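Encoded as structure tokens, the structure appears first; notes follow it.
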Amino acid sequence: MRAAVLRTMGAPAPYADSRPLAIETVVAQPPGPGEVRVRVRAAGLCHSDLSVIDGSRPRPMPMLLGHEAAGEVVEAGDGVSTLRVGDRVVFSFVPMCGHCAPCACGRPVLCEPGAAANARGTLLGGAMRLHDAGCTPLHHHLGVSGFAEYAVVSEHSAVRVDADLPPKIAALFGCAVMTGVGAVVNTAGVRPGESVAVFGLGGVGLSALLGAAASSAWPLVAVDVVPAKLALARELGASHCIDAREGDVAAQVREATGGGADYSIETAGHAHVLATAYAATRRGGSTISVGLPAPDRMFSVPAVSLVAEERTVKGSYMGSAVPRRDIPRYVALYRAGRLPVDRLLTHTLALDGINAGFDRLASGEAIRQVVLFD
Ligand SMILES: NC(=O)c1ccc[n+]([C@@H]2O[C@H](COP(=O)([O-])OP(=O)(O)OC[C@H]3O[C@@H](n4cnc5c(N)ncnc54)[C@H](O)[C@@H]3O)[C@@H](O)[C@H]2O)c1
Ligand SMILES: [Zn+2]
Ligand SMILES: [Zn+2]
């Protein structure tokens, strides 16, 4: 099959010239016990892929990237009990074992064997099912490796969705939507009339904005450095839009929200933006950290403010999701017109165009771009 393989992190931009992702012929072994083979129909470009390419989120190399994707199950290994051939699925980028302490507590995004497999670049059961033309094994990206014509994954890395959902839309639910909407409805638990400020308006941040709008958050403040993204946020329900390049951003958010946001949602992926997001909350407010800064970035706050002002800082991984519960819910909201996630899709491309696609993501020209496989 054709697939996009990353062999070395840290290539210089522009990627259209340095071509860190090589389009290669890759062999996928048949699915093992508890695994399925999925024909990938669409795969989205997320900043978390870009962070592996630029080396700010290191992963074992070589790796077949991509973690936001959708497709159709074409083969099931022994003992697969939750999926069948023909099912349309969206991938979930943390496999859940169902048995560890976090899984037992209803927090599968924290699955311990799932996190260990993702860090190793293997499937949940420890297998590596991909190799290149020279028989060198390729690591799996977050149990998915969606930038390929087929994916072999644990059945616990995929969620069945409606068969008539267009693949290019379905893919978005696997990362951007599950992460952004989940940060608002699961991690924050926003209620109608509470104020929300979203920092960063990429696929994740605009999904958070849509989730906050669907939750009747008000005021709903959008912050970015790209004017076109601020304009789109306004169309999608933001009450106030703030260009982060101008003036004191935290003060502007406090002004817009009458003293500070009940919830600040950081999705830019920068520790300094997280500090601004914290400063923009009201007394008693919560800051939800969704973006993934490089591992050496630190975040500090006046310690006493947590106590005397009852402030909260909460991390939100994969939207604190229960994927089999949340993805169908968010799809239903999309179908009802309450979560117009199709507005995030700015480009579709062929696999050959993927390096240029990452240039568009890095520059802010694109929001979500989806590779289509036909
Ligand atoms: N927590 C999770 O589970 C999870 C899942 C997916 C992605 N992520 C992370 O979330 C972040 C966002 O991902 P994405 O795909 O939406 O990325 P993106 O690049 O599309 O969006 C980031 C946005 O931040 C904006 N930005 C840059 N500097 C800013 C500033 N100073 N103030 C405000 N906005 C600023 C950019 O213009 C851009 O619109 C990344 O760090 C990604 O790795 C986390
Ligand atoms: Zn992602
Ligand atoms: Zn588990």
Side-chain angles (χ1 to χ4, degrees), residues 43-52 54 56-57 65-69 91-117 124 141-142 144 146 156 171-172 174-180 182-183 187 197-209 222-230 232-233 241-246 249-250 253 264-277 280 288-294 297 314-321 344 346 358 360-369:
L45 277 59
C46 172
H47 204 109
S48 299
D49 301 301
L50 183 57
S51 297
V52 181
D54 71 17
S56 57
R57 203 161 163 73
L65 284 188
H67 64 281
E68 178 184 273
F91 296 103
S92 165
F93 65 86
V94 181
M96 59 186 72
C97 77
H99 304 295
C100 70
C103 280
C105 292
R107 300 181 73 182
V109 299
L110 302 179
C111 176
E112 287 162 0
L124 180 62
H141 188 208
L142 302 176
V144 177
H156 303 301
L172 306 179
C175 180
V177 177
M178 181 154 55
T179 299
T187 319
V198 178
F199 295 76
L201 303 171
V204 174
L206 285 169
S207 293
L209 187 96
V223 184
D224 204 289
V225 293
V226 179
K229 294 187 179 184
L230 294 168
L232 178 58
C241 295
I242 296 172
D243 188 328
R245 298 168 302 178
E246 291 165 14
V249 175
V253 175
S264 274
I265 317 278
E266 199 283 345
T267 73
H270 297 301
H272 70 92
V273 179
L274 187 59
T276 305
I288 312 297
S289 180
V290 181
L292 288 159
R297 299 288 100 186
K314 259 178 132 175
S316 180
Y317 196 51
M318 205 168 81
S320 308
L344 312 185
T346 56
F358 279 108
R360 282 191 292 269
L361 181 62
S363 72
E365 182 191 336
I367 302 173
R368 261 329 191 236
Q369 310 173 82

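Note that the coordinates shown come from a computational prediction; the quantities given were computed from them, not determined experimentally. Just follow the structure's listing: the first ligand is 1, and inside any ligand the first atom is 1.
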In short, Ala233 meets Leu209 closest at the heavy-atom pair O-CD2, 3.6 Å

Answer with side chain, backbone, both or neither: which part of Val290 has a heavy atom less than 4.0 angstrom from an atom of ligand 1? both

Could you work out, for atom 4 (C) of ligand 1, the closest of Val94, Asp243, Thr179, Leu45 by heavy-atom distance? Thr179

Measure across Cys103 and Pro108 and return the closest heavy-atom pair with its distance rounded to 0.1 Å. SG-CA, 4.2 Å

So which heavy atom in the protein is nearest atom 8 (N) of ligand 1, and how far is it from that ligand atom? Ser48 OG, 3.6 Å

The atoms of ligand 1 lying under 4.0 Å from a heavy atom of Val204, numbered in the order shown, are 6 (C), 7 (C), 13 (O), 14 (P), 16 (O)

Would you check if the side chain of Ser207 reaches a backbone N or O of Gly180 as a donor-acceptor pair within less than 3.5 Å? no

Least distance between heavy atoms, Phe199 atom then Ala280 atom: CZ-CB, 3.9 Å

Which is it for Glu266 and Ile288 under the side-chain contact (heavy atoms from CB on, under 4.5 Å) test, yes or no, and what are the steps along the way? CA-CA 6 Å; Glu266 199 283 345; Ile288 312 297; over 6 Å; no

Students should be able to answer this: which protein heavy-atom is nearest to atom 3 (O) of ligand 1, and at what distance? Met318 N, 2.7 Å

Any donor and acceptor pair, going by atom type alone, linking the side chain of Thr267 with main-chain N or O of Gly200 inside 3.5 Å? yes

Might you point out which heavy atoms bring Gly319 and Thr187 nearest each other, and give the distance in Å? C-OG1, 4.1 Å

Near Ser316, which atoms of ligand 1 are under 4.0 Å from a heavy atom of that residue? 1 (N), 2 (C)

Where is the tightest heavy-atom contact between Cys97 and Leu124, given as atom of each residue plus distance? CA-CD2, 4.1 Å

If you measure from each heavy atom of Arg368 to ligand 1, is any distance below 4.0 Å? yes

Nearest-contact summary for atom 35 (C) of ligand 1 - protein heavy atom, Å: Ala268 CB, 3.7 Å

Look at atom 30 (C) of ligand 1 and say which protein heavy atom is nearest, naming residue and atom and giving the distance to 0.1 Å. Val273 CG2, 3.7 Å

Pairs of nitrogen or oxygen atoms closer than 3.5 Å, one from Phe93 and one from ligand 1: do any exist? no

Could you list the residues that satisfy salt bridge (charged side-chain N to carboxylate O under 4.0 Å, His left out) with Glu68, not counting sequence neighbours? Arg368

Regarding atom 28 (N) of ligand 1: of the candidates His270, Glu68, His67, which has the closest heavy atom? His270

Can you check side-chain contact (heavy atoms from CB on, under 4.5 Å) on His47 and Val204, steps first, answer last? CA-CA 9 Å; His47 204 109; Val204 174; over 6 Å; no

Who's the nearest protein heavy-atom neighbour of atom 12 (C) of ligand 1, and how far? Thr267 O, 3.0 Å

Quick one: does His67's side chain have a donor or acceptor within less than 3.5 Å of a partner on Val144's backbone? no

Side chain of Asp224, backbone of Lys229: donor and acceptor closer than 3.5 Å? no

Side chain, backbone, both or neither: Lys229 near ligand 1, heavy atoms under 4.0 Å: side chain

May I ask you to identify the nearest protein heavy atom to atom 25 (C) of ligand 1, giving residue, atom name and distance to one decimal place in Å? Asp224 OD2, 3.3 Å

When you measure from the side chain of Ser56 to the backbone of Val52, do you find a donor-acceptor pair of N or O atoms at a distance under 3.5 Å? no

Ligand-residue contact atoms, ligand 1 with Gly269, heavy atoms, under 4.0 Å: 41 (O)

Ser289 side chain vs Lys314 backbone, donor-acceptor pair below 3.5 Å: no

Atom 18 (P) of ligand 1: nearest protein contact (heavy atom, Å): His47 ND1, 3.7 Å

Sequence neighbours excluded, the answer for side chain to side chain contact (heavy atoms under 4.5 Å, CB included) partners of Val109 is Met318, Ala321

Ala244 and ligand 1 - part of the residue with a heavy-atom distance under 4.0 Å: side chain

Restricting to distances shorter than 2.8 Å, give the number of protein N, O or S atoms close to the Zn ion (ligand 3). 4

Does a side-chain heavy-atom distance below 4.5 Å link Ser48 with Cys175? no

Number the atoms of ligand 1 from 1 as they appear, then name those within less than 4.0 Å of a heavy atom of Cys175, with their elements. 5 (C), 6 (C)

Numbered atoms of ligand 1 (with element) below 4.0 Å of Leu361, judged on heavy atoms: 20 (O)

Quick one: does Val249's side chain get under 4.5 Å of Val223's, heavy atoms only? yes

Measure the CG-CD1 distance between Leu344 and Ile367 for me, rounded to the nearest 0.5 Å. 6.5 Å

For Ala176, does its backbone N or O pair with a side-chain atom of Thr179 as donor and acceptor, under 3.5 Å? no

Which residue owns the protein heavy atom closest to atom 10 (O) of ligand 1, what's the atom, and how far is it? Gly291 CA, 3.5 Å

Looking at side-chain heavy atoms only, is the closest gap between Asp243 and Leu230 below 4.5 Å? yes

Tightest non-hydrogen contact, residues Pro293 and Gly291, listed as CD-O, 3.2 Å

Distance below 2.8 Å from the Zn ion (ligand 2): protein N/O/S atoms: Cys46 SG, His67 NE2, Cys175 SG

By number and element, which atoms of ligand 1 are closer than 4.0 Å to a non-hydrogen atom of Leu201? 23 (C), 39 (O)

Give the atoms of ligand 1, by number and element, whose distance to some non-hydrogen atom of Val226 is under 4.0 Å. 37 (O)

Are Cys46 and ligand 1 in contact, using a heavy-atom cut-off of under 4.0 Å? yes

